[in-house]
There are 2 protein chains.
Amino acid sequence: MFGVERRSRILLLLQEKKSMLVHEIAVIFGVTEETIRRDLKELEKGGLILRTHGGAILADESKTEAALEVREGINSAGKDAIGKEAAKLIHDGDTVILDASTSSLFVAKHIKDKKGLTVITNAERIIFELSDCEDVTLISTGGILRQKSLSYVGKTAETALSNYHVSKAFISCKGFSPQKGLMDSNEQESDIRKAMLQRSEKAIFLCDRMKFDKVGYVVTAQLGDFDYFITDAPIPADWNEALKESNVALVVAL
Amino acid sequence: MFGVERRSRILLLLQEKKSMLVHEIAVIFGVTEETIRRDLKELEKGGLILRTHGGAILADESKTEAALEVREGINSAGKDAIGKEAAKLIHDGDTVILDASTSSLFVAKHIKDKKGLTVITNAERIIFELSDCEDVTLISTGGILRQKSLSYVGKTAETALSNYHVSKAFISCKGFSPQKGLMDSNEQESDIRKAMLQRSEKAIFLCDRMKFDKVGYVVTAQLGDFDYFITDAPIPADWNEALKESNVALVVAL
DNA sequence: AATTAAATCAACATATATAAACACAAATAA
DNA sequence: TTATTTGTGTTTATATATGTTGATTTAATT
C-alpha cells in the first residue's frame, strides 16, 4: 500500500470514528507509529484533521459550536500574545478593520481601553466582545450570517466594506507559506478578506505558529500585500529572506 | 478520550446546565479534579467560560442578559405572550423583518423551531438569540452599532434594508395612541422602522399595554400602516373604532 | 472576627507520546 | 551500473498529559 492510499484510508476511518489513537491506526496498517505520526502531520497540514497527544480527531467543520470553540482553544496563549502586540499598532482615534478570525478577536480584547476608536468588522464575536465599550464606534458590515464561523459574508458584506477606508486592517487565514501566500478553505471568507485588504492603507498579518505551512484551497493574499507579520514563534530560517524581499516588518510576540 | 474532546464536551455540558462543579465534571469523565481544573483554565484563557470557586459558568450569558435585563424585565410576561401570538403569523419558509425592540426579541424566541425562515434585523440581541438556529437564515442590516440599544442605525443600515423585500415586518415603538400613531424618542431608530415598513408586504404592530398612550417626540408610523395589532391587554374602548376604520386586525394575547 | 472544610495552586512524579537524528532498503534517476 | 531520493523503521532525548502530595487560599459558618 502506498502512503497516499494509507492516508486517505486514515481519513475515512476518522470520518467513521471521529477520533483515533496513533497506536490503533498503526496496528490497522501494520506500520510503526512513527509512520502514522508522519501521515497525521501531513493530513494536519492540509487542515483535514486535528492532531492531539496520542492520536487525532477529525477537523469537522460542520460541527459548528464544538469545533469552532475547540479551535479557539488551540494555541490561545500564542494568539493572545499576538493580539497584544497587534494592539500596540492601534492608537487612539484610529479606524481599523478586524477580520473574522480568532486572532482578530484577541486583538479586540486588547483595545478596549483605547479612546475614540472606530472598528469595522464582519465578526459577530468581535461585535459582541466590543459592544460594551463606550469609547469604540462599532461598525458591522452586516449581510448574511455564516453560522459556522459567526461571520458575515457575501456580496452585501463586501459592498458594505466599500463604503469605508481605514488606516489598518488586521487579517488572518487558515494556512500560510511564503511561496503560496495566505490560504483559506472557504471562498466567501477569502473574498471578504480580499475586500478588507483593498480598503486599508496598511495591512497586518496575524499568523500564529499553527498556520505555518498549513494549506487551504483558495489563495487570499500574498505576503507582499502586508506591512506587518505578527507571529508567536521563531519563523523558519528561509522565511526571513521572503519577508525582507517583500518589505514586511516581522514582529515576534512572546 | 483526548483532552480537546473532553474540553469541548465540557463546553457542551455547560451550555446545557449553565454551570457545573469541578467535582461533578471530574466524575463524568473519570479523571481527577486537577485535570478538570486545568481544562477549565484552558477554556477560560480562550474566554469561553468563567471560572468560579468550585466550578465554572458560561462566559456569554452575563453581558447581553444583564445589560438589557432591566428593559426586558418591564412587562416581560406580556411581551412574551405577544411574541407567542406574533410567532403564529410566521410560517415555515417565510422571510420576515424584526425590529430592534424587546417585543421583537420575544418573537424571535418563539420561532426557533420553524423551518427555512429568513430573518432580517438590525438588533444585535436578536442576532445573538438566533445565531445558533441552523434552520434560520440570519441577515443583519449592519451599520453603526448604537450601543444604548445594541441596534444598527444610520444611513448604512437603511440602505441595506432597501436590498430586501419581505412578507411581514414586526414593529414596536416607545408609545402609541390611535390619534398620534406610533412614537419614538430616537430619530434614528424611528427612521429604521420607517424603512422597515416600506420593505414589507404586511406589517404587524407589537404593542404591549405599557405603551398605551405613552408619547415620544418623533412619529414613526400611523395605525393605518399596519395589518395586525397585537397586544396583551384589553384595549381602551374607543380604540376599537380606530382599528376598524384602519382595517387593522386586533389580536389580544393572554 | 475566628474557625473550618473545601477548593485551588504549585511542585513534583511518571508513564506515554512525540520529535529529531540516523540507518536502511526499495524505488527512481543518471 | 551507480547515485539519489523516498519512505519507513530505530533509537534516544524531549515534551506532554495526568496524577499525587502538601501548602495556600477561599467561602461558609459559627
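Chain letters run A, B, ... following the sequence lines, proteins first, then strands; residues in each count from 1.
When the P atom of D:dT18 is taken as reference, atom CG of B:Leu40 falls 13 Å away, rounded to whole Å. Distance, A:Arg7 CZ to D:dG7 C1': 9 Å, rounded to whole Å. Between the CG atom of B:Asp39 and the P atom of D:dT16 there is a distance of 16 Å, given to the nearest Å.
For the OP1/OP2 pair of D:dG19 and a distance below 4.0 Å, the side-chain nitrogens and oxygens of B:Thr35 include at least one atom meeting the criterion. Taking only side-chain nitrogens and oxygens, A:Thr32 never comes nearer than 4.0 Å to OP1 or OP2 of D:dT8.
Salt-bridge formation is not detected for the pair A:Arg125/A:Glu129: no Lys NZ or Arg NE/NH1/NH2 atom is positioned less than 4.0 Å from an Asp or Glu carboxylate oxygen.
A:Gln222 CD: more than 12 foreign heavy atoms inside a 6.0 Å radius. Heavy atoms from other residues, nucleotides or ligands lying under 6.0 Å from NZ of B:Lys114 number more than 12. More than 12 heavy atoms of other residues, nucleotides or ligands lie within 6.0 Å of NZ in B:Lys112, so this atom counts as buried by the packing criterion.
Ring-centre distance between A:Phe229 and A:Phe176: below the 6.0 Å cut-off.
The two residues B:Ala100 and B:Asn122 have their closest heavy-atom pair at N-OD1, 3.3 Å.
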Could you go through nucleotides 17-21 of chain C and list every protein N or O atom that sits under 3.5 Å from one of its N or O atoms, giving the distance for each pair?
{"unit_1": "C:dA17", "atom_1": "O3'", "unit_2": "A:Gly54", "atom_2": "N", "d": "2.7"}
{"unit_1": "C:dT18", "atom_1": "OP1", "unit_2": "A:Thr52", "atom_2": "O", "d": "3.3"}
{"unit_1": "C:dT18", "atom_1": "OP1", "unit_2": "A:Gly54", "atom_2": "N", "d": "2.6"}
{"unit_1": "C:dT18", "atom_1": "OP2", "unit_2": "A:Arg37", "atom_2": "NE", "d": "2.7"}
{"unit_1": "C:dT18", "atom_1": "OP2", "unit_2": "A:Arg37", "atom_2": "NH2", "d": "3.0"}
{"unit_1": "C:dT18", "atom_1": "O5'", "unit_2": "A:Arg37", "atom_2": "NE", "d": "3.3"}
{"unit_1": "C:dA19", "atom_1": "OP1", "unit_2": "A:Arg51", "atom_2": "NH2", "d": "2.9"}
{"unit_1": "C:dA19", "atom_1": "OP2", "unit_2": "A:Arg51", "atom_2": "NH2", "d": "3.4"}

